[in-house]
Participant: 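This is the structure I want to talk about, given as structure tokens.
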Amino acid sequence: MQFKGTAHRYGRDVDTDVIIPARYLNTSDPAELAKHCMEDLDTSFVERVRPGDIIVADENFGCGSSREHAPIAIKAAGVDVVVAKSFARIFYRNSINTGLAIMECPEAVDAISAGDVVSVDADAGVITDETTGAVFQAQPFPPFIRDIIEAGGLINRTKDRLGK
């Protein structure tokens, strides 16, 4: 899996309540959730994000509640991959389950600035800051996680495997 886009940079402890505020949880429609993604942290995010863009964040991205709405909103907003120093465990699993690619790579996070163009080869675990030329090594996706993300999430992968 190959990704390439502009980096949107955030700090540590980005809570699911700022990824998608609770006042919008009366819907599960991805397009509607995308309209409000990150609005309590970054009011211009939905205006700036483009399909294929990348979120880069410090430690503990996705902490807080266990709502699946957060990775759904990020993905529906156009983000292809989130690169962080670390993720809250439930957010990590919810991301995989909903088909949002996420990678841990502290060295890349320390080097990538907002606005940099970043490419990610998830199969090899290579993250390249195209703006600076810096290259970083992350853990590549194991085949079963790659299969889930490529299918668009765990439910889609399961349907595919069952032939439905």
Side-chain angles (χ1 to χ4, degrees), residues 1-20 30 34 37-38 41-42 45-46 48-158 160:
M1 288 185 298
Q2 307 286 322
F3 308 104
K4 185 174 181 178
T6 301
H8 299 266
R9 189 76 168 77
Y10 298 101
R12 64 176 298 131
D13 301 320
V14 175
D15 193 291
T16 55
D17 288 328
V18 298
I19 294 171
I20 186 66
C37 186
M38 307 296 273
L41 179 64
D42 180 354
F45 176 76
V46 295
R48 293 181 294 110
V49 69
R50 297 292 174 254
D53 279 357
I54 296 169
I55 288 178
V56 177
D58 289 331
E59 298 92 351
N60 204 25
F61 188 85
C63 60
S65 70
S66 61
R67 63 181 64 138
E68 293 175 339
H69 297 73
I72 291 169
I74 291 170
K75 185 177 174 188
V79 172
D80 275 349
V81 63
V82 179
V83 177
K85 289 185 178 183
S86 65
F87 294 92
R89 289 295 101 192
I90 191 70
F91 180 85
Y92 185 93
R93 190 59 215 198
N94 282 341
S95 294
I96 301 302
N97 287 349
T98 59
L100 175 65
I102 57 175
M103 301 187 82
E104 292 183 345
C105 189
E107 299 80 15
V109 172
D110 285 339
I112 295 170
S113 298
D116 286 0
V117 174
V118 177
S119 63
V120 176
D121 179 340
D123 297 329
V126 175
I127 300 168
T128 305
D129 185 330
E130 302 278 342
T131 302
T132 66
V135 179
F136 308 94
Q137 184 64 52
Q139 187 70 32
F141 291 137
F144 78 97
I145 289 180
R146 185 184 63 240
D147 290 348
I148 292 169
I149 293 170
E150 286 177 342
L154 185 59
I155 292 173
N156 290 342
R157 180 177 178 270
T158 303
D160 290 348

Participant: If we ignore hydrogens and angles and just use 3.5 Å, is the side chain of Asp15 paired with the main-chain N or O of Val18 as donor and acceptor?
Facilitator: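 No: the side chain of Asp15 does not pair with the backbone of Val18.
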Participant: Identify the two heavy atoms, one from Ala138 and one from Cys105, that lie closest to each other, and give their separation to 0.1 Å.
Facilitator: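 Scanning both residues, the minimum pair turns out to be CB-CB, 3.9 Å.
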Participant: Under 3.5 Å, is there a donor-acceptor pair between the side chain of Asp129 and the main chain of Thr132?
Facilitator: yes
Participant: Between Ala7 and Ile112, which heavy-atom pair has the shortest distance, and what is it?
Facilitator: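 Taking Ala7 first and Ile112 second, the nearest heavy atoms are CB-CG2, 3.7 Å.
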Participant: When rounded to the nearest 0.5 angstrom, what is the spacing between CZ in Arg93 and CZ in Phe87?
Facilitator: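 The CZ atom of Phe87 is 14.0 Å from CZ of Arg93, to the nearest 0.5 Å.
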Participant: Quick one: CD1 on Ile74 to OG1 on Thr16, what's the gap to the nearest 0.5 Å?
Facilitator: 9.5 Å
Participant: Rounded to the nearest 0.5 Å, how far does CD1 of Ile148 lie from CG of Leu154?
Facilitator: 5.0 Å
Participant: Among residues two or more places apart or on two chains, list those pairs meeting salt bridge (Lys or Arg N to Asp or Glu O under 4.0 Å) that have a residue in residues 67-78.
Facilitator: Asp17-Arg67
Participant: Under 3.5 Å, is there a donor-acceptor pair between the Glu130 and Ser119 side chains?
Facilitator: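 Yes, Ser119 and Glu130 have a side-chain donor paired with an acceptor closer than 3.5 Å.
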Participant: Between Asp53 (side chain only) and Gly5 (backbone N and O only), is there a donor and an acceptor less than 3.5 Å apart?
Facilitator: no
Participant: For Val126 and Val135, what are the C-alpha separation, side-chain angles and deciding distance, and is it a side-chain contact (heavy atoms from CB on, under 4.5 Å)?
Facilitator: CA-CA 7 Å; Val126 175; Val135 179; 3.7 Å; yes
Participant: Return the CE to CD1 distance between Met103 and Ile127, rounded to the nearest 0.5 Å.
Facilitator: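 Separation between the atoms: 5.0 Å.
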Participant: May I ask you to decide if Pro71's main-chain N or O and Ser95's side chain share a donor-acceptor pair within less than 3.5 Å?
Facilitator: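 A pair under 3.5 Å: no.
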Participant: Can you tell if the side chain of Ile102 reaches within under 4.5 Å of the side chain of Val81, non-hydrogen atoms only?
Facilitator: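 A side-chain contact under 4.5 Å is absent here.
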Participant: Going by ring-ring contact (aromatic ring centres under 6.0 Å, His included), name the pairs with one or both residues in residues 122-147, residues two or more places apart or in two chains.
Facilitator: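 For residues 122-147: none.
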Participant: Taking all heavy atoms of Ala77 and all of Val49, pick out the closest pair and write down the distance.
Facilitator: O-CG1, 3.4 Å
Participant: What are the two closest non-hydrogen atoms of Ile54 and Val83, and how far apart are they?
Facilitator: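 Nearest pair, atom of Ile54 first, then Val83: CG2-CG2, 4.3 Å.
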Participant: Decide side-chain contact (heavy atoms from CB on, under 4.5 Å) for Glu104 and Gln139; before the verdict, give the C-alpha distance in whole Å, the side-chain angles of both, and the deciding distance to 0.1 Å.
Facilitator: CA-CA 7 Å; Glu104 292 183 345; Gln139 187 70 32; over 6 Å; no
Participant: What residues form a ring-ring contact (aromatic ring centres under 6.0 Å, His included) with Phe45, not counting sequence neighbours?
Facilitator: His8
Participant: Indicate, with yes or no, if the rings of Phe61 and Phe91 have centres closer together than 6.0 Å.
Facilitator: yes
Participant: Evaluate the side-chain contact (heavy atoms from CB on, under 4.5 Å) criterion for residues Val14 and Ile19: first the C-alpha distance (whole Å), next the side-chain angles of each, then the deciding distance (0.1 Å), finally the verdict.
Facilitator: CA-CA 7 Å; Val14 175; Ile19 294 171; 3.8 Å; yes
Participant: Counting N and O atoms only, with roles assigned by atom type, does the side chain of Asn156 sit under 3.5 Å from a partner on the main chain of Ala151, one being a donor and the other an acceptor?
Facilitator: yes
Participant: Calculate, to the nearest 0.5 Å, the distance between atoms CD and CD1 belonging to Glu150 and Ile145 respectively.
Facilitator: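 Result: 12.0 Å between the selected atoms.
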Participant: Just by distance, with hydrogens left out, do Tyr10 and Asp42 show a side-chain donor and acceptor under 3.5 Å apart?
Facilitator: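 Side chains of Tyr10 and Asp42: pair found under 3.5 Å.
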Participant: Can you check whether Asp116 reaches Thr6 side chain to side chain, under 4.5 Å on heavy atoms?
Facilitator: no
Participant: Which atom names give the shortest non-hydrogen contact between Gly11 and Ala57, and what distance separates them?
Facilitator: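 The answer is O-CB, 3.9 Å.
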Participant: Asp123 and Pro140: which non-hydrogen atoms are nearest, and at how many Å?
Facilitator: O-CB, 3.1 Å
Participant: Looking at side-chain heavy atoms only, is the closest gap between Val120 and Gln2 below 4.5 Å?
Facilitator: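 When only atoms from C-beta onward are counted, Gln2 and Val120 do not touch, as no gap falls below 4.5 Å.
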Participant: Apply the test side-chain contact (heavy atoms from CB on, under 4.5 Å) to residues Val118 and Thr128: give CA-CA distance (whole Å), side-chain angles for both, the deciding distance (0.1 Å), then the verdict.
Facilitator: CA-CA 6 Å; Val118 177; Thr128 305; over 6 Å; no
Participant: Supply the atom-to-atom distance Asp147 CG to Arg157 CZ, rounded to the nearest 0.5 angstrom.
Facilitator: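 If we round to the nearest 0.5 Å, Asp147:CG and Arg157:CZ are 5.0 Å apart.
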Participant: I want to check something: taking the side chain as every heavy atom from C-beta on, are Cys37 and Ile20 in contact at a cut-off of under 4.5 Å?
Facilitator: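 Counting from C-beta outward, Cys37 and Ile20 never come under 4.5 Å.
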Participant: Would you check if the side chain of Arg9 reaches a backbone N or O of Val109 as a donor-acceptor pair within less than 3.5 Å?
Facilitator: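 A pair under 3.5 Å: yes.
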Participant: Quick check: does any side chain N or O of Asp80 sit under 3.5 Å from a backbone N or O of Lys4, one acting as donor and the other as acceptor?
Facilitator: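 Not a single qualifying donor-acceptor pair exists.
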